[in-house]
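Down below is the structure, laid out as structure tokens.
As the structure is a prediction and not an experimental result, all values here were calculated from the model. Every chain is numbered from 1 and lettered A, B, ... according to where its sequence line falls, protein lines coming before strand lines.
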Amino acid sequence: MDGYIAKPIRAQELFGAIEGLLGEPDEPVAAAAGTPPEAEPVDWSEAMRSVQGNRPLLRAVVQAALEEIPRLMAAIRQSVADRDTTRLRLSAHTLKGSLRCLGAEGVFQRAYEIEVMARDGTLDDSPRALELLENEVARVIPVFARFLERDEPHDGR
Amino acid sequence: MEILLVEDNLDDARMTIQALRHEGVRCRVTLVRDGEEAMAFLRREGIFARAPRPDLVLLDIELPKKDGRQVLAEIRADPVLESIPVVVLTGSLVHQAIFQSEGLAVDGFMAKPVSLEQFVQVIKSLHRSWLSELILPSLDHDSSSS
């Protein structure tokens, strides 16, 4: 199986596998403008740990995330608009859990904030929290999409 | 029929139990709130010495002390418990992909909030027809006569 690491996982093997699947790193954001670069939206080492070094599984999980993020974000937007705390809590909770597996810490944090607001029934700041979540999701989606493009299986690989 | 619900969130547990309160569903639900308690119940340890063997486990993923992944792995590794059907409570496609890849023989997934319709659908899809017949006799009759 291509890209598989047997347990126990050793750090050097893990990072070697991550480098192999990611290719060249993305260009640093805003480096030329002299502003501090933003943190990477996805921690691939965390993502690889979640799938125990199984590269085909990582691909399947990233595909699953790209499929479910729009559905969950639509549910979160609608729940904020409707002030539906139960649906908002569950949707934010699901998004938080899914994206944490993939090392998307920013989305995890923003989704967690919304989950807590919904749990406590304090939704006054939820539109602003939603905006921050949208920003984080917008950073993560292209990273996942690029990963799938680079990791496209083809003959001879 | 005995159902063990492993869920740390009381709101979610209440919603699940309410969904199963239907005259067509013949079951008794026991709630435990973390992974260690779930394993103690299943192994009849300590205060659970006289616990019934569940016919079905409804398992949340994010649990204190021992998460759902660990609980399921321990159930499947235990020759006494391995045949108990386990339905994982998640609507996350990411979690479903990870669980399915690990060869832990998940019997089904249900998104929260659990609804009666979703429960019936999952129970009927299990490869254990006896379970469906025992838990849902009235509902089976309703659906076959409609």
Any side-chain heavy-atom pair of [X] and [Y] under 4.5 Å:
X: D12(B); Y: L90(A); answer: yes
X: L93(B); Y: Q63(A); answer: no
X: R89(A); Y: D11(B); answer: yes
X: S101(B); Y: V51(A); answer: no

Report whether [X] and [Y] are members of the same hydrophobic cluster (ILVMFWY, side-chain heavy atoms less than 4.5 Å apart, transitive linking).
X: V57(B); Y: M15(B); result: no
X: L66(A); Y: L99(A); result: yes
X: V116(A); Y: L10(B); result: no
X: V143(A); Y: L132(A); result: no
X: F41(B); Y: I61(B); result: yes

Checked G97(A), A60(A), A65(A) vs chain B; the most non-hydrogen pairs under 4.5 Å come from G97(A)
In terms of heavy-atom contacts, does CZ of F48(B) have more than 12 from other residues, nucleotides or ligands at under 6.0 Å? yes
| message | For R100(A), I'd like to know if atom CZ has over 12 heavy atoms of other residues, nucleotides or ligands within 6.0 Å. | response | no
For this session: Just do the side-chain contact (heavy atoms from CB on, under 4.5 Å) check on T94(A) and K112(B) with the steps written out, would you?
Result: CA-CA 9 Å; T94(A) 303; K112(B) 294 189 281 187; over 6 Å; no
The interface call for E102(B) against chain A, heavy-atom contacts under 4.5 Å, is side chain
So, the part of T90(B) with a heavy atom under 4.5 Å from chain A: the answer is neither
Under 4.5 Å to a heavy atom of chain B? For S91(A) that would be neither
Applying a strict 4.5 Å limit to non-hydrogen atoms, the region of R71(A) in contact with chain B is side chain
Interatomic spacing from [atom1] in [X] to [atom2] in [Y] - rounded to 0.5 Å:
X: H95(B); Y: S98(A); atom1: NE2; atom2: OG; answer: 5.5 Å
X: S50(A); Y: I98(B); atom1: OG; atom2: CD1; answer: 5.5 Å
X: L72(A); Y: S92(B); atom1: CG; atom2: OG; answer: 7.5 Å

salt_bridge(E62(B), K96(A)) N-O dist < 4.0 Å: yes
